[in-house]
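Have a look at the structure below before the remarks.
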Amino acid sequence: MCKSPVYQVISVPVEKIKPNSYNPNSVAPPELRLLYDSIKEDGYTMPIVCYHDVSDDTYVIVDGFHRYRIIMEHPDIYEREGGMLPVSVINKPIDHCMASTIRHNRARGSHNVDLMSNIIKELHELGRSDAWISKHLGMDKDEILRLKQITGLAALFKDIQFGRAWLPVDEEPDDKPQPKPNNKESL
């Protein structure tokens with residue numbers, strides 16, 4: 001019977017951890033800021049996945065590069081964690097590690113728009129402002145607005161200040177003569 005590596009998480013100094021050379025995944029700056037906020041608020045809740053290269057006693061990242069990046073780029077996180085990261089070690093040949101990296105990346109999926117809209121609705125009903133949602137979910141104002149629009153609930157817009165980009169005017173009767181277009185060629 002195979003015992004999952006997550007049951008044997010070890011604490012590894014970040015100096016012994018190194019990125020792999022083949023990870024095609026990248027994270028946009030807003031999501032990276034959200035990851036930092038998540039780690040700052042909640043700590044590391046998931047280990048990074050590595051294979052142990054015994055030849056130089058290093059741990060090569062299979063999954064979790066961006067969590068590793070956070071500790072390397074943010075002294076407050078490095079200090080709080082004592083320069084250590086939780087690591088789940090897999091013992092596989094490099095080709096299997098490469099496949100694992102891709103599986104981990106692709107298995108994360110994407111957020112369902114309707115479910116995200118419902119979350120925004122529920123947070124709003126709990127009294128959370130757009131600013132709170134933006135800060136804690138890493139969303140910009142336009143994204144929150146689009147998700148609110150999907151729910152179709154006017155109550156979500158009750159605190160929104162709308163601009164005065166246009167003013168309604170009374171409709172003119174159809175029998176009024178319409179102005180002629182300005183045709184410069186006839187001059």
Side-chain angles (χ1 to χ4, degrees), residues 1-113 115-120 122-123 128-144 146-147:
M1 179 155 119
C2 176
K3 186 166 184 171
S4 295
V6 75
Y7 294 109
Q8 298 169 11
V9 175
I10 60 173
S11 185
V12 176
V14 293
E15 292 76 22
K16 292 181 107 180
I17 300 172
K18 63 182 183 183
N20 66 50
S21 60
Y22 53 82
N23 189 356
N25 190 27
S26 64
V27 172
E31 283 75 21
L32 199 57
R33 281 191 300 277
L34 183 59
L35 180 60
Y36 166 75
D37 290 342
S38 175
I39 291 170
K40 184 175 176 88
E41 292 293 322
D42 303 324
Y44 281 89
T45 58
M46 294 174 41
I48 65 170
V49 180
C50 297
Y51 69 87
H52 186 212
D53 184 346
V54 275
S55 67
D56 63 357
D57 193 28
T58 58
Y59 293 82
V60 182
I61 299 170
V62 172
D63 181 63
F65 169 74
H66 296 96
R67 284 172 271 148
Y68 161 80
R69 192 173 153 193
I70 294 298
I71 197 170
M72 296 303 287
E73 294 178 7
H74 295 277
D76 59 327
I77 302 297
Y78 183 94
E79 185 178 319
R80 184 190 72 197
E81 299 297 322
M84 306 293 276
L85 270 180
V87 172
S88 180
V89 179
I90 60 174
N91 184 17
K92 295 183 173 191
I94 187 67
D95 57 336
H96 289 270
C97 288
M98 293 172 89
S100 290
T101 296
I102 303 308
R103 280 194 303 272
H104 278 88
N105 290 343
R106 296 194 69 183
R108 285 188 181 87
S110 59
H111 290 156
N112 177 292
V113 174
L115 294 176
M116 286 302 297
S117 295
N118 288 334
I119 289 170
I120 298 301
E122 287 181 38
L123 288 171
R128 296 302 182 191
S129 67
D130 286 358
W132 188 95
I133 292 168
S134 177
K135 178 182 178 189
H136 292 277
L137 273 60
M139 296 178 173
D140 62 35
K141 288 176 13 180
D142 290 335
E143 185 178 9
I144 295 168
R146 285 190 304 273
L147 291 170

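All values derive from a computational prediction rather than experimental measurement. When a residue number appears, it is its place in the shown sequence, counting from 1.
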**Asked** Within the side chain of Ser88, is there an N or O that forms a donor-acceptor pair under 3.5 Å with the backbone of Val49?
**Response** no
**Asked** Hey, is CG on Asn91 packed in by over 12 heavy atoms from elsewhere, all under 6.0 Å?
**Response** no
**Glu15 atom CD, neighbour heavy-atom count above 12 within 6.0 Å** = yes
Measure the shortest side-chain to side-chain distance between [X] and [Y] over non-hydrogen atoms and say whether it is less than 4.5 angstrom.
X     : Y      : answer
Pro47 : Val87  : no
Phe65 : Val27  : no
Ile94 : Tyr51  : yes
Pro30 : Asp140 : no
Val89 : Gln8   : no
Leu85 : Tyr59  : no
Glu81 : Val14  : no
Lys16 : Asp57  : yes

Residue pair [X] / [Y]: nearest heavy atoms and the distance that separates them:
X     : Y     : result
Arg67 : Leu35 : N-CD2, 3.9 Å
Lys40 : Arg80 : O-NH1, 3.0 Å
Met84 : Ile71 : O-CD1, 3.6 Å
Ile77 : Ile70 : CG1-CG2, 4.1 Å

**Prompt:** Considering the options Asp63, Ile17, Val12, which one meets the side chain to side chain contact (heavy atoms under 4.5 Å, CB included) requirement together with Ile48?
**Reply:** Ile17
**Prompt:** How long is the gap from CD1 on Ile144 to CD1 on Ile120, to the nearest 0.5 Å?
**Reply:** 5.5 Å
**Prompt:** When rounded to the nearest 0.5 angstrom, what distance separates OG in Ser134 from CG in Asp142?
**Reply:** 10.5 Å
**Lys141 with Asp130: basic N within carboxylate O range, under 4.0 Å** = no
**Request:** Before giving the answer on side-chain contact (heavy atoms from CB on, under 4.5 Å), spell out for Cys50 and Val60 the whole-Å C-alpha distance, their side-chain angles and the decisive distance to 0.1 Å.
**Result:** CA-CA 5 Å; Cys50 297; Val60 182; 5.8 Å; no
